[in-house]
Amino acid sequence: MAFNKRVKIKTILDHHPIGTEVTLMGWVRTKRSNKNVSFIALNDGSIITNYQVVADPNLISEEILKKCTTGACLKITGKIVESQGAGQSSELNAEIIEVLGEADPEKYPLQPKKHSLEFLREIAHLRMRTNTFGAVFRVRHALAFAVNKYFNDKGFFYIHTPIITASDAEGAGETFKVTTLDLHKLPKTDDGRIDFKQDFFERETNLTVSGQLEGELAAMALAEIYTFGPTFRAENSNTTRHLAEFWMIEPEMAFYDAEDNQNLAEDFLKYVIRYALENCAEDLKFLDQRAAEEESAKPADQRSELGLIEKLKFVVDNDFVRLTYTEAIDILRNSNPNKKKKFTYLIESWGTDLQSEHERYLVEKHFKKPVILTDYPKEIKSFYMRQNEDGKTVAAMDILFPGIGEIVGGSQREERLDLLTKRMEEMNIPQEEMWWYLDTRRFGATPHAGFGLGFERMILFVTGMSNIRDVIAFPRTPGNAEF
RNA sequence: UCCUCCUUAGCUCAGUUGGUUAGAGCACAUGACUGUUAAUCAUGGGGUCCUAGGUUCAAGCCCUAGAGGGGGAGCCA
């Protein structure tokens, strides 16, 4: 006989089935008791709202009620009735309570009170049971769904690029090695190097740092594709915006130039944010209040002018600013912090890369909206980016978001074989092992473009969380692979 | 990797110029209470003051090293 006859709390709140008999299953958040009645706040994950269960000690034994402690899992059957209390319109009068799983209150670490995010990170296996993380992961799901829906509705094809790769030439960062060799007895070649011919793939392999190059191959056949998968970078980065394992969305489109690419990226970002606003109202309302509390703890000059939901609506309703690197340098060179030498790195000449402080100034102080920066000097960008007519810049774009920094990096790709191989030579990119990539420029090459978007950075922006470790269930960072 | 701050009860924190038995709120337990909303009230239990050295008559407090964590920078998404 099937076990699951539960009704979800979200369903009850949507339909208010007063008078019907239902079974709820979920976890106790709090219990309040007096001599005549106990109130259990139950959460089943379907929605952030807890549902009130009323237990009459004449119907439910003291032995059972004693086990209904914070964190315990219950199966409750009873009748939905109008609530006599003020905090909710309906509630469940319990007739049968079955304790599916107890939670020793002396040992269960989550309490009905506010916990610090740092503490909850240490108990990541339980933190999804809190309001904040429940909200974050429901929003994360909605955003992932919206990503697939957006591209599917536009006729893009979802390509699964490999996780294990042999190419190390993207230049996107340090890689994690993949091997089945015995690390204590590494086979050596005659000249003393590790003999990867004896390894599983008979060559050196690593976890992917980007699906872009493979994505380009697919775009040369299916025209408009995207990837959405895990990405691995072994950089020793310890910041609130970096993970060693993160999820990246990488659309790649044949017949798109740089401007088409920018249009797609802006439309895409607005779509998924709008999707969250329309489909995660309760969770975003909670996160909005949470963010407001965090803001009120900050000194007045560091507080943001807009609340979380206001900020999301603002991004959806306003055009992003588009300007070239050269224009940005002019603005920065003449900015107050540059003139008054407030920047740690002063802007003096064209050609240097922008630092975080410069990006933040442009986005948060000067324009106060998302910025698409284009046409960077070729020296500070990747080999595959299309070279502009001026001979100095490439058709790159970075999209900068307030509070996050770079959320998207992309470009029109260099489709001209001679220019591409020349650039690879200049940048010491080995061409032999990239023969398959260069083949796309030999056979049926066309203008094409694409971008990469860090999924967790998008979640950070939409949820208003400030540390990237709090928007992925089990974060992987230097020195941390628990759970 | 660099800079910087932090580590005291299950959690969040206080702890005076180094000085007797290390405190509070919340949580938890017990009891009270005729419907509560993070209920309230009373009582109670709970400590390797991150670790290892050192200075001192005396160290939670000072010094050295290490571990763990936060924030910032670089790298990037």
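Residue numbers start from 1 in every chain, and the chains themselves are labelled A, B, ... in the order their sequence lines are given, proteins ahead of strands. Note that the coordinates shown come from a computational prediction; the quantities given were computed from them, not determined experimentally.
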Counting only side-chain N and O atoms of [X], is one of them less than 4.0 Å from OP1 or OP2 of [N]?
| X | N | value |
| --- | --- | --- |
| R29(A) | rU37(B) | no |
| R469(A) | rG70(B) | yes |
| S116(A) | rU12(B) | yes |
| K113(A) | rC11(B) | no |
| R241(A) | rA73(B) | yes |
| N34(A) | rC33(B) | no |
| S210(A) | rA77(B) | no |
| S356(A) | rG74(B) | yes |
| T240(A) | rG72(B) | yes |
| N238(A) | rA73(B) | no |
| K66(A) | rU30(B) | yes |

Worksheet item: Using centres under 5.5 Å plus planes under 30 degrees as the test, is F246(A) stacked with rA77(B)?
Response: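 Yes, F246(A) stacks on the base of rA77(B).
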Hey, does [X] reach any base, or is it just sugar-phosphate, or nothing, if we go heavy atoms under 4.0 Å?
| X | result |
| --- | --- |
| T30(A) | sugar-phosphate |
| T344(A) | nothing |
| H242(A) | base |
| F119(A) | sugar-phosphate |
| Q52(A) | base |
| G452(A) | sugar-phosphate |
| P105(A) | sugar-phosphate |
| E456(A) | nothing |

Exercise for review: On RNA chain B, check which nucleotide each of A86(A) and L243(A) is closest to and give me the residue with the more 5' one.
Suggested key: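 By nearest-heavy-atom nucleotide position, the 5'-most residue is A86(A).
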**Q.** Residue whose nearest RNA chain B nucleotide is more 5′ - E106(A) or V54(A)
**A.**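 So the residue in question is E106(A).
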For the salt bridge (Lys or Arg N to Asp or Glu O under 4.0 Å) test, which of R469(A), R140(A), R241(A) pairs with E456(A)?
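With E456(A) as partner, salt bridge (Lys or Arg N to Asp or Glu O under 4.0 Å) holds for just one option, R140(A).
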Pairwise [atom1] distance, [M] and [N] [rounded to whole Å]:
| N | M | atom1 | value |
| --- | --- | --- | --- |
| rC61(B) | rC6(B) | P | 14 Å |
| rC63(B) | rU7(B) | P | 14 Å |
| rA67(B) | rC13(B) | C1' | 23 Å |
| rG68(B) | rG25(B) | P | 35 Å |
| rG74(B) | rU4(B) | C1' | 15 Å |
| rU20(B) | rA58(B) | C1' | 11 Å |
| rA22(B) | rA59(B) | P | 14 Å |
| rU56(B) | rG18(B) | C1' | 9 Å |

Taking all atoms of both residues into account, what is the closest heavy-atom pair of L308(A) and V462(A), and its distance?
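Smallest interatomic distance, heavy atoms only, reads CD1-O, 3.5 Å.
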Rounded off to whole Å, could you give me the [atom1]-to-[atom2] distance for the [X] and [N] pair?
| X | N | atom1 | atom2 | value |
| --- | --- | --- | --- | --- |
| N480(A) | rG70(B) | CG | P | 9 Å |
| R121(A) | rG70(B) | CZ | C1' | 8 Å |
| K35(A) | rA32(B) | NZ | P | 7 Å |
| E357(A) | rG72(B) | CD | C1' | 12 Å |
| R476(A) | rA77(B) | CZ | C1' | 19 Å |
| L117(A) | rC11(B) | CG | C1' | 13 Å |
| R32(A) | rA38(B) | CZ | P | 7 Å |
| E245(A) | rA77(B) | CD | P | 17 Å |

Check every atom of [options] against the side chain of [X] and return the nucleotide holding the closest atom.
| X | options | result |
| --- | --- | --- |
| Q111(A) | rU34(B), rG10(B), rA73(B) | rG10(B) |
| S237(A) | rG74(B), rA29(B), rG35(B) | rG74(B) |
| T70(A) | rC28(B), rA73(B), rU36(B) | rC28(B) |
| R233(A) | rC76(B), rA29(B), rU34(B) | rC76(B) |

F151(A): which of F157(A), Y271(A), F268(A) passes ring pair (Phe, Tyr, Trp, His ring centres under 6.0 Å):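 The ring pair (Phe, Tyr, Trp, His ring centres under 6.0 Å) with F151(A) is passed solely by F268(A) among F157(A), Y271(A), F268(A).
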Check against salt bridge (Lys or Arg N to Asp or Glu O under 4.0 Å), E63(A) and K66(A): CA-CA 5 Å; E63(A) 183 197 2; K66(A) 257 189 132 107; over 6 Å; no
Donor-acceptor pair, R476(A) side chain versus E482(A) backbone, under 3.5 Å?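 A pair under 3.5 Å: yes.
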Using purine N1 to pyrimidine N3 plus N6-O4 or O6-N4 for Watson-Crick, or N1-O2 and O6-N3 for G-U wobble, each under 3.5 Å, what pairs with [N]?
| N | result |
| --- | --- |
| rU34(B) | none |
| rA58(B) | none |
| rC11(B) | rG25(B) |
| rU20(B) | none |
| rA73(B) | rU1(B) |

Practice prompt. Could you grab the distance from atom OG of S210(A) to atom CE of M248(A), nearest 0.5 Å is fine?
Written response: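 Nearest 0.5 Å value for the OG-CE distance: 4.5 Å.
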Practice problem: For the residue pair Y256(A) and E224(A), confirm or rule out a side-chain donor-acceptor distance under 3.5 Å. | Solution: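 Yes, because at least one side-chain N or O of Y256(A) sits under 3.5 Å from a partner of the opposite role on E224(A).
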field: Test item: side-chain donor near acceptor, T175(A) and K177(A), under 3.5 Å
entry: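 Yes, a side-chain donor-acceptor pair sits under 3.5 Å.
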Let me see the working for K342(A) and E357(A) under salt bridge (Lys or Arg N to Asp or Glu O under 4.0 Å), right down to the final yes or no.
CA-CA 10 Å; K342(A) 291 275 170 61; E357(A) 57 181 347; over 6 Å; no
- Message: Would you say the ring centers of F246(A) and F455(A) fall short of 6.0 Å from each other?
- Response: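 No: the rings miss the under 6.0 Å criterion.
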